[in-house]
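Residue numbers start from 1 in every chain, and the chains themselves are labelled A, B, ... in the order their sequence lines are given, proteins ahead of strands. The model shown is predicted, which means the values in this text are computed figures rather than measured ones.
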Amino acid sequence: MPELPEVETVMRGLRPSLEGSILKKVTQRRDNLRFPLPENMAARLTGRKVEQLKRRAKYVLAHLDDEMVLFFHLGMSGRVTILQGDKRPPLGTHDHIIFETDSGDEIRYCDPRRFGMMDLVHVNDLESHKAFKDLGPEPLGNTFNGPDFFARIKSKKTNIKATILDQRVVAGIGNIYACEALHLSGISPERQAQSLTMAEADFLVVTIRDVLNKAIEAGGSSLRDYVQASGELGYFQHSWSVYGREGEACRRCAREFDGKDDTQFLIERIQQNGRSTFYCPTCQR
DNA sequence: CGGGGACCCTGCCCGC
DNA sequence: TGCGGGCAGGGTCCCC
């Protein structure tokens, strides 16, 4: 689930509990996720103060007071839960790492499939780390823009869907928002990336930003409820335009063909590079 | 090098 | 009710 907007929401949700707090106790319940966890991670983190939380692509980074940076990725099934006060349900099988702060908050990192990862590196080694060295621009930052994006894709023969999922091209987009952005922009996921015109590339950049920003807003608005209710971050309700809507009427066509029978404009599902793509063959060209 | 497929792991849902 | 198959929002590696 966690794509850029969800990871941003998780990071923002963690800030009140972690920024400026001291990690009083860290419990590590297994020695690996997708990759081995850092040697003696719990001991190395205990007593450290978290100075600042940041996000890069789909990673949350915690800058510590000893020039080290703790960072994690949620993979497909990772979740973070904040527990406060007396409400402390028993640990589940997949609660792998638990952080307790000096103000009494408990943060649980849970990941059933263990496609997530966590690592601890010196701040000077961050950019050269395997996780970050090949990442493309942040889609919501200034370096992701029409001209640069167009230049990056102009020689790519692969389809545009796989291209915007490629973290080296632009960082943080996952399967849902790739489908959503292409739908909103009216571009077929099957188009070769190099076939996009400058105007189309430019518009796709705008729609990617738009889709991500709106999702972050939606996450932010449900975040307060989530933190208070269950403490669980990152999973909020959403109504997608195309994702998961195979066989249903295209909302974009329904708008454009207002008054006509919109049941003929149905969302289809295809496989691209081993993953499902949802799109409307009528309005995505 | 670019591109596509296999793979890592668990849970869930569906059809039989 | 049990079981097998397919599917899931991730990234990495390996081979062509």
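- The nearest whole Å value for the distance from the CG atom in A:L4 to the P atom in C:dG10 is 11 Å.
- Cation-pi geometry between A:K130 and A:F35 is satisfied (NZ or CZ under 6.0 Å from the ring centre, within 45° of the ring normal).
- Atom-to-atom, CZ of A:R113 to P of C:dG11 comes out at 13 Å; the value is rounded to the nearest Å.
- Stacking between A:F115 and B:dC8 is shown: the ring centroid lies under 5.5 Å from the centre of the six-membered base ring, and the planes differ by under 30°.
- Salt bridge A:E138/A:R56: present, at least one basic N to carboxylate O contact under 4.0 Å.
- Rounded to a whole Å, the CZ atom of A:F72 is 16 Å from the P atom of C:dG10.
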Polar atom pairs (N or O), protein with nucleotides 3-5 of chain C, under 3.5 Å:
none

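- No side-chain donor from either of A:E190 and A:N159 sits under 3.5 Å from a side-chain acceptor of the other.
- For C:dC14 and B:dC9, the P atoms lie 16 Å apart once the distance is rounded to whole Å.
- Applying the Watson-Crick and G-U wobble criteria (two distances, each under 3.5 Å), B:dC9 pairs with nothing in any strand.
- Looking at heavy-atom distances under 4.0 Å, A:R34 makes contact with a base.
- With rounding to the nearest 0.5 angstrom, the CG atom of A:L91 is 10.0 Å from the SG atom of A:C110.
- Comparing C:dG10, C:dT12, C:dA8 by their closest approach to the side chain of A:S276 singles out C:dA8.
- In this entry the distance linking CG of A:L74 with C1' of B:dC8 reads 17 Å, nearest Å.
- For the pair A:D95 and A:R29, the salt-bridge criterion is not met [side-chain N within less than 4.0 Å of a carboxylate O].
- OP1 and OP2 of C:dT12 both lie 4.0 Å or more from every side-chain N or O belonging to A:K130.
- A donor atom on one side chain and an acceptor atom on the other are found under 3.5 Å apart for A:T277 and A:K161.
- Of the possible donor and acceptor atoms, none in the side chain of A:K24 sits under 3.5 Å from a partner among the backbone N and O of A:F99.
- Comparing A:L165 and A:R269 by the nucleotide of DNA chain C that holds the closest heavy atom to each, the one mapping nearer the 5' end is A:R269.
- Atom-to-atom distance recorded for A:R48:CZ and A:L23:CG is 9.0 Å, nearest 0.5 angstrom.
- Between C:dG11, C:dA8, C:dT12, one nucleotide has an atom nearer to the side chain of A:Y243 than all others, and that is C:dA8.
- A straight line from CE of A:M118 to P of C:dG10 spans 19 Å, rounded to a whole angstrom.
- One can place CD1 of A:I173 at 11 Å from P of C:dG10, the figure rounded to the nearest angstrom.
- For A:E51 and A:H63, the side-chain atoms include no donor-acceptor pair closer than 3.5 Å.
- Regarding contacts with the backbone of B:dG11, a side-chain N or O of A:H94 is found under 4.0 angstrom from either OP1 or OP2.
- In terms of position on DNA chain C, the residue among A:G172 and A:F278 whose nearest nucleotide sits closer to the 5' end is A:F278.
- As rounded to whole Å, 12 Å separates atom P of C:dG11 from atom CZ of A:R56.
- Summarising the geometry, the separation between CD on A:E3 and C1' on C:dA8 is reported as 12 Å, rounded to the nearest angstrom.
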All N/O contacts under 3.5 Å from nucleotides 2-5 of chain B to the protein, with atom names and distances to one decimal?
unit_1: B:dG3; atom_1: OP1; unit_2: A:K157; atom_2: N; d: 2.9
unit_1: B:dG3; atom_1: OP1; unit_2: A:T158; atom_2: N; d: 3.2
unit_1: B:dG3; atom_1: OP2; unit_2: A:K156; atom_2: NZ; d: 3.1
unit_1: B:dG4; atom_1: OP2; unit_2: A:T158; atom_2: OG1; d: 3.0
unit_1: B:dG4; atom_1: OP2; unit_2: A:N273; atom_2: ND2; d: 3.0

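- Inter-residue side-chain proximity for A:R88 and A:E106 is flagged as met; some heavy-atom pair is nearer than 4.5 Å.
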